[in-house]
Number of protein chains: 2
Amino acid sequence: MKKITIGEAARQSGVKVPTIRYYEGIGLLSAPSRSEGNQRSYEPSDLNRLAFIRHARELGFEIEAIRTLLHLQDDPHQSCASADAIAKARLIEVEQRIRSLNALKAELEQMVEGCGHGRVDQCRVIEVLADHGKCVHPHH
Amino acid sequence: MKKITIGEAARQSGVKVPTIRYYEGIGLLSAPSRSEGNQRSYEPSDLNRLAFIRHARELGFEIEAIRTLLHLQDDPHQSCASADAIAKARLIEVEQRIRSLNALKAELEQMVEGCGHGRVDQCRVIEVLADHGKCVHPHH
DNA sequence: TCTTGCACCTCTAGTCGCTAGAGGATGTAG
DNA sequence: CTACATCCTCTAGCGACTAGAGGTGCAAGA
């Protein structure tokens, strides 16, 4: 039940102080009560919200998706279909990103391997960049 | 040897018109000559430069890295050690990103599978977001 | 009590790599 | 000659913060 300063909240949640203020500013976090000297003072329960947001950000959800997820959490009798849809959409994004990064990785490995550590005019890195046709998979 | 308008350069290089102007503005591309009516007119050789930049951007290199790579390309007697270093650094970044995205993917799959399509209070998506400890690999 | 020094406050501006739009000039085809 | 696409410059906006200026609050040591 002890009130907590923003610095303490930051330490306990792993969200930086300016970021907490930023989340309040965009309405993702509701404004906490203030001390006599106008300093923010948080309830322990606010830490759950902060942890939720941080976790969702780590998983790459966008702020607007998190806003929706938080509304859902606040209203537990709603259908979870939209939470499910948001997570599924994120999963598809992540899968696509992994595929595309694997293609890039193959390209970069080729470039780095082919570099004879000589001068630029024999460098495979520069050569491949200049000519897309020299890529392993020109589809990226 | 024919001069080319910015729109034509955009079409041939796959870089959008405002992006070409932006690259000129930040000095990544040198300013081309102008027509009587003050319109940019490019040499065919400028298309190579544009293709190089586009390719490097597709591979995820940052603008500053590309600036360095372009300088190297302009001076082919230099050692290619720095080109090599830039490409290697990018490779390491990509590898890390793939690892981290694979961890996220596992998390998201768990969340989506566990969702019984019922109401929010039984939804695994919301539950896991609220409690990091319920993650498969809490290290992400 | 005073002072030191850290943590807090608000506000603005900057980051990256573009993208969008306003408001106007130019170039080309019919 | 008129319509219309394309070009020009300039400024502002995107997302998700981050940095810094300039000032206030608060707790602990001398």
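Owing to the predicted nature of the structure, the values given are computational and were not obtained by experimental measurement. The sequence lines fix the lettering, A, B, ..., with proteins before strands; numbering per chain opens at 1. Quick note: numbers below take in every heavy atom, side chains included, and nothing from hydrogens, waters or symmetry partners.
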Note, [X] side chain near [Y] side chain (heavy atom, < 4.5 Å):
X	Y	answer
B:K3	B:R40	no
A:L29	A:L50	yes
A:I53	A:L70	yes
A:R90	A:L59	no
A:Q110	A:R124	yes

Answer yes or no: does a side-chain N or O of [X] lie under 4.0 Å from OP1 or OP2 of [N]?
X	N	result
B:S35	C:dT26	no
A:Y23	D:dA16	no
B:S41	D:dC7	no

*Would you say the side-chain atoms of A:E107 pair up with the backbone N or O of A:V136, donor to acceptor, closer than 3.5 Å?*
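Indeed, once roles are kept as given, a pair shorter than 3.5 Å links the two residues.
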*asked:* For A:V128, is there any backbone N or O sitting under 3.5 Å from a side-chain donor or acceptor partner on A:D131?
replied: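 Absent.
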In whole angstrom, give the distance that lies between atom [atom1] of [X] and atom [atom2] of [N].
X	N	atom1	atom2	answer
A:I6	C:dA7	CD1	P	13 Å
B:I66	C:dG17	CD1	C1'	10 Å
B:L50	C:dC18	CG	P	11 Å
B:R67	C:dG17	CZ	P	10 Å
B:R11	D:dT6	CZ	C1'	9 Å
B:E24	D:dC7	CD	P	14 Å
B:F61	C:dC18	CZ	P	14 Å
A:R54	D:dA16	CZ	P	17 Å

*Check every strand shown and say whether A:E36 touches a base, only sugar-phosphate, or nothing at a heavy-atom separation below 4.0 Å.*
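Contact class for A:E36: none.
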*asked:* Once you apply a heavy-atom cut-off of 4.0 Å, does A:I26 come out as touching a base, just sugar-phosphate, or nothing?
replied: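 It contacts nothing in the nucleic acid.
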*Could you give the distance from OG (B:S82) to CG (B:L72), rounded to the nearest 0.5 Å?*
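Atom-to-atom, B:S82:OG and B:L72:CG are 4.5 Å apart.
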Atom pairs and distances, donor-acceptor, side-chain atoms in residues 4-14 of chain B, under 3.5 Å, two or more places apart:
unit_1 : atom_1 : unit_2 : atom_2 : d
B:T5   : OG1    : B:E8   : N      : 3.2
B:E8   : OE1    : B:R11  : NH1    : 2.6
B:E8   : OE2    : B:Q12  : NE2    : 3.1
B:S13  : OG     : B:A9   : O      : 2.8
B:S13  : OG     : B:V15  : N      : 3.1

Pairs under 3.5 Å (N/O, protein and nucleotides 9-14 of chain D):
unit_1 : atom_1 : unit_2 : atom_2 : d
D:dT9  : OP1    : B:R34  : NH1    : 3.4
D:dT9  : OP1    : B:R34  : NH2    : 3.0
D:dT9  : OP2    : B:R40  : NH1    : 2.9
D:dT9  : OP2    : B:R40  : NH2    : 2.9

Show the distances under 3.5 angstrom between N or O atoms of the protein and N or O atoms of nucleotides 19-22 of chain C.
unit_1 : atom_1 : unit_2 : atom_2 : d
C:dT19 : OP2    : B:T19  : OG1    : 3.1

*Given that A:E64 and B:T5 both sit by DNA chain D, which one's nearest nucleotide is further toward the 5' end?*
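First, find each residue's nearest nucleotide; the 5'-ward one identifies B:T5.
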*Can you figure out which of C:dG17, C:dC9, D:dC8 approaches the side chain of A:Q39 most closely?*
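The answer is C:dC9.
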*Kindly indicate, with the supporting measurements, whether the criterion side-chain contact (heavy atoms from CB on, under 4.5 Å) is fulfilled by A:Q78 and B:R119.*
CA-CA 6 Å; A:Q78 270 186 269; B:R119 270 171 296 133; over 6 Å; no
